[in-house]
Amino acid sequence: MKTNIFPFRIGEQYELYEFDLKYVKTVFQGNNEYLVYEFIEQREMSLFNVRVKKVHLYYNADILSKVIYFLDL
C-alpha cells in the first residue's frame with residue numbers, strides 16, 4: 001500500500017517516530033549538531049511515481065530539522 005510521501009513535518013518532536021527510527025550518524029553543519037536517523041517503518045512510499053528507497057531524518061535537540069529522501073531511480 002502506498003502512503004503519503006510527506007508525512008514528516010519540520011518542527012515535529014522526535015517522540016512521534018521514536019520506535020520507527022534507527023540511528024545512522026551524527027553530523028555537524030555550521031554550529032549545529034544533528035542526529036541522523038533512518039525511517040525503518042515497513043511501508044511502500046513513492047514520490048511522483050518513483051519508489052523511495054529510504055528516508056533520513058535530521059534532528060537537532062529532538063526537533064525535526066531536515067528530511068532527505070533517497071529515490072530508486
Side-chain angles (χ1 to χ4, degrees):
M1 179 174 92
K2 293 184 181 179
T3 59
N4 180 7
I5 188 61
F6 303 109
F8 313 106
R9 300 281 183 246
I10 300 300
E12 288 182 329
Q13 295 287 325
Y14 167 79
E15 290 80 19
L16 289 175
Y17 301 105
E18 180 176 5
F19 299 108
D20 296 320
L21 300 176
K22 179 178 87 173
Y23 174 79
V24 175
K25 62 184 174 182
T26 299
V27 297
F28 293 90
Q29 295 178 346
N31 293 330
N32 297 314
E33 175 183 13
Y34 296 96
L35 298 177
V36 181
Y37 295 92
E38 183 174 340
F39 185 66
I40 58 171
E41 183 177 305
Q42 297 298 319
R43 62 176 163 173
E44 187 177 324
M45 292 190 284
S46 65
L47 176 63
F48 305 116
N49 293 324
V50 177
R51 189 176 79 82
V52 174
K53 287 195 298 190
K54 63 183 174 179
V55 178
H56 280 182
L57 304 173
Y58 286 62
Y59 286 92
N60 178 274
D62 289 345
I63 303 296
L64 182 61
S65 301
K66 181 178 182 179
V67 180
I68 296 181
Y69 295 94
F70 295 86
L71 303 177
D72 188 13
L73 300 174

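Being a predicted model, the structure only gives us computed values, none of them experimental. Heavy atoms only: backbone and side chains are in, while hydrogens, waters and symmetry mates are out.
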In terms of hydrophobic clustering (I, L, V, M, F, W, Y; side-chain heavy atoms under 4.5 Å; direct or indirect links), are Met45 and Leu73 co-clustered? yes
For residues Phe8 and Ile10: do they belong to one hydrophobic cluster (side chain heavy atoms under 4.5 Å, members Ile, Leu, Val, Met, Phe, Trp, Tyr)? yes
State yes or no: do Leu16 and Leu21 share one hydrophobic cluster built from I, L, V, M, F, W and Y residues joined by side-chain heavy-atom distances below 4.5 Å, directly or via other members? yes
Stepwise side chain to side chain contact (heavy atoms under 4.5 Å, CB included) check, Asp20 with Phe39: CA-CA 6 Å; Asp20 296 320; Phe39 185 66; 3.7 Å; yes
Using 0.5 Å steps for rounding, measure from the CG atom of Asp62 to the CG atom of Leu35. 7.5 Å
State, to 0.1 Å, how close Pro7 and Tyr17 come at their nearest heavy-atom pair, and which atoms those are. O-OH, 3.0 Å
Quick one: does Ser46's side chain have a donor or acceptor within less than 3.5 Å of a partner on Glu44's backbone? no
Spacing of NZ belonging to Lys66 relative to OH belonging to Tyr59, to within rounding of 0.5 Å: 14.5 Å
Report the C-alpha distance between Val67 and Tyr58 in whole Å, list the side-chain angles of each, state the deciding distance to 0.1 Å, and finish with yes or no for side chain to side chain contact (heavy atoms under 4.5 Å, CB included). CA-CA 6 Å; Val67 180; Tyr58 286 62; over 6 Å; no
Lys54 to Phe70, cation-pi by 6.0 Å centre distance and 45° axis angle: yes
Correct closest heavy-atom pair for Asp72 and Val50 would be O-CG1, 3.7 Å
Quick check: are there more than 12 heavy atoms from other residues, nucleotides or ligands sitting under 6.0 Å from CZ of Phe19? no
Check whether Tyr23 reaches the backbone of Thr26 with its side chain - one donor and one acceptor, N or O, closer than 3.5 Å. yes
Show the nearest heavy-atom pair for residues Ile63 and Gln13, with the distance to one decimal. CD1-NE2, 3.0 Å
Same cluster for Tyr69 and Val36 if Ile/Leu/Val/Met/Phe/Trp/Tyr side chains link at under 4.5 Å? no
Value rounded to 0.5 Å, distance of CD in Glu38 from NZ in Lys53: 11.0 Å
Under 3.5 Å donor-acceptor, Asn60 side chain and Glu33 backbone: yes
Check whether any side-chain heavy atom of Tyr34 lies under 4.5 Å from a side-chain heavy atom of Ser65, and answer yes or no. yes
So which heavy atom on Tyr37 is nearest to which on Val24, and how close? C-CG2, 4.0 Å
